[in-house]
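First the proteins, then the strands, lettered A, B, ... as listed; each starts at 1.
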2 protein chains.
Amino acid sequence: MAEQHELRDRGLRLTPQRELVLAAVRELGHATPEEVAEKVRQSHPGINLSTVYRNLETLENVGLVLHTHLGHGGATYHAAEELTHLHLVCGVCGSVGDAPIEAAASFVTSLADDFGFRTDVSHFAIYGTCADCFDPNL
Amino acid sequence: MAEQHELRDRGLRLTPQRELVLAAVRELGHATPEEVAEKVRQSHPGINLSTVYRNLETLENVGLVLHTHLGHGGATYHAAEELTHLHLVCGVCGSVGDAPIEAAASFVTSLADDFGFRTDVSHFAIYGTCADCFDPNL
DNA sequence: AATAAAGATGCGAATCCCTCGCAAGTAGTG
DNA sequence: CACTACTTGCGAGGGATTCGCATCTTTATT
């Protein structure tokens with residue numbers, strides 16, 4: 001249960017940077033590498049952006065972290081265990097809303113049944129306009 | 001019906017570059033700015049990449065073209081009228097498969113009803129693993 | 001047709017985001 | 001405590017996109 005184990009059990013070395021990157025992703029919910037770096041710098045000012053990128057990649061390789069492309073360009077990282085919702089990305093305000101994964105269940109099933117396509121919910125980003133930005137007058 | 005009108009009617013000037021960019025997007029189905037530029041160069045070798053970017057943006061502003069983020073990083077552009085399908089992006093081979101938009105109809109409806117979220121099908125990219133890359137042994 | 005004003009284009013520089021290479025530092029092992 | 005492999009920091013490198021600006025075109029007007 002100690003954090004050390006989850007890293008070492010997966011064959012990773014325990015470095016302060018690595019642990020901080022993972023902790024940051026978990027705290028932030030979803031964040032860009034830049035945001036993760038900023039978070040980590042609160043307790044470890046010297047961390048290098050390259051290190052953040054490399055650790056995110058490493059953590060993703062062992063399944064502790066996942067990334068999604070939410071549109072703008074950069075990737076967004078999530079802790080693997082927090083992926084219990086869909087991401088509703090608003091193209092107007094850029095906000096990322098959540099919706100329960102079950103909302104997509106039948107959709108996912110029909111894609112699998114009809115097209116043999118296995119939808120990866122972790123990479124599932126939905127674009128549109130959120131309720132706040134949707135103006136009936138337009 | 002003439003192409004001139006669809007551009008001028010939307011307040012845009014008619015330039016050879018603009019028309020060629022639009023034509024290229026229509027011919028290509030979906031393409032990156034780079035690919036559009038390459039296509040345009042077949043008949044207008046001197047076109048500048050900046051011009052392609054600017055025109056894609058302009059055409060998008062007036063609704064003739066749309067873009068999606070298919071994951072890798074760069075945006076992919078589509079002619080607005082050709083958006084009659086969903087994009088199933090395979091994370092393994094990178095292929096972009098199609099599925100009829102109706103497959104998502106009930107999903108879109110429930111997001112609207114339950115969350116007030118208006119899903120923009122044009123920006124709708126679905127990540128997962130295509131039938132060809134899906135190996136039951138994994 | 002000639003002309004003026006608004007817009008577009010080309011070009012090069014500048015950014016942004018991310019990746020690399022390398023030397024120095026550090027965790028894990030016996 | 002020493003050794004080896006993996007990590008980190010740092011700076012350079014690279015690809016994609018954006019910007020600034022001078023020049024040229026399209027359009028609306030004479």
* To do: Please tell me which of the listed nucleotides, dA8(C), dC18(C), dG9(D), lies nearest to the side chain of Gln17(A)?
  => dG9(D)
* Asked: Distance from His78(A) atom NE2 to His85(A) atom NE2, nearest 0.5 Å?
  -> 7.0 Å
* Asked: What is the nucleic acid contact for Leu49(A), judged by heavy atoms within less than 4.0 Å: base, sugar-phosphate only, or nothing?
  -> nothing
* Send over the distance from His67(B) NE2 to dA16(D) C1', rounded to a whole Å. => 14 Å
* Structure fact -> note: Glu57(B), atom CD; dT9(C), atom P; distance rounded to Å ~ 12 Å
* To do: Could you check if a side-chain atom of Leu86(B) sits within less than 4.5 angstrom of a side-chain atom of Ile126(B), using non-hydrogen atoms only?
  => yes
* Go through dT7(D), dT27(D), dG9(D) for me and flag the one nearest to the Arg8(B) side chain. => dT27(D)
* **Nucleotide dT9(C), atom P - distance to CG of Leu56(B) in whole Å** => 11 Å
* Specify the angle, to 10°, made by the local axes at the two ends of the helix from dA1(C)-dT30(D) to dG30(C)-dC1(D) when five pairs are taken at each end. => 30°
* Determine the contact category for Arg54(B): base if any of its heavy atoms lies under 4.0 Å from a base atom, sugar-phosphate if only primed atoms, P, OP1 or OP2 are that close, otherwise nothing. => base
* Asked: Just how far, in rounded Å, is C1' of dA8(C) from CG of Leu12(B)?
  -> 11 Å
* What's the closest nucleotide to the Ser50(B) side chain, out of dC11(C), dC6(D), dT8(D)? -> dC11(C)
* Asked: Is the distance from OP1 or OP2 of dA8(C) to the nearest side-chain N or O of Thr15(B) less than 4.0 Å?
  -> no
* To do: Can you tell me the distance, in whole Å, between the CD atom of Glu35(A) and the C1' atom of dC17(C)?
  => 14 Å
* Structure fact -> Between the OG1 atom in Thr119(B) and the CG atom in Leu111(B), the distance rounded to the nearest 0.5 Å is 4.5 Å
* Asked: Which whole-number value in Å describes the distance from Tyr53(A) OH to dC20(C) C1'?
  -> 14 Å
* Any His44(B) side-chain nitrogen or oxygen under 4.0 Å from OP1 or OP2 of dG10(C) -> yes
* Name the orientation class of the two ring planes belonging to His87(B) and His30(B) (parallel below 30°, tilted from 30 to 60°, perpendicular beyond 60°). => perpendicular
* Hey, is the side chain of Arg18(B) pairing donor to acceptor with the base of dA8(C) inside 3.5 Å? -> no
* Structure fact -> Taking dA8(C), dG9(D), dT18(D) as options, the one with an atom nearest any side-chain atom of Asn48(A) is dG9(D)
* Structure fact -> To the nearest angstrom, the CG-P distance between Leu7(A) and dT7(D) comes to 11 Å
* To do: Quickly work out the Tyr77(A) OH to dC18(C) C1' distance and round it to whole Å.
  => 10 Å
* Structure fact -> Of Arg13(B) and Pro16(B), the one whose closest nucleotide on DNA chain C sits nearer the 5' end is Arg13(B)
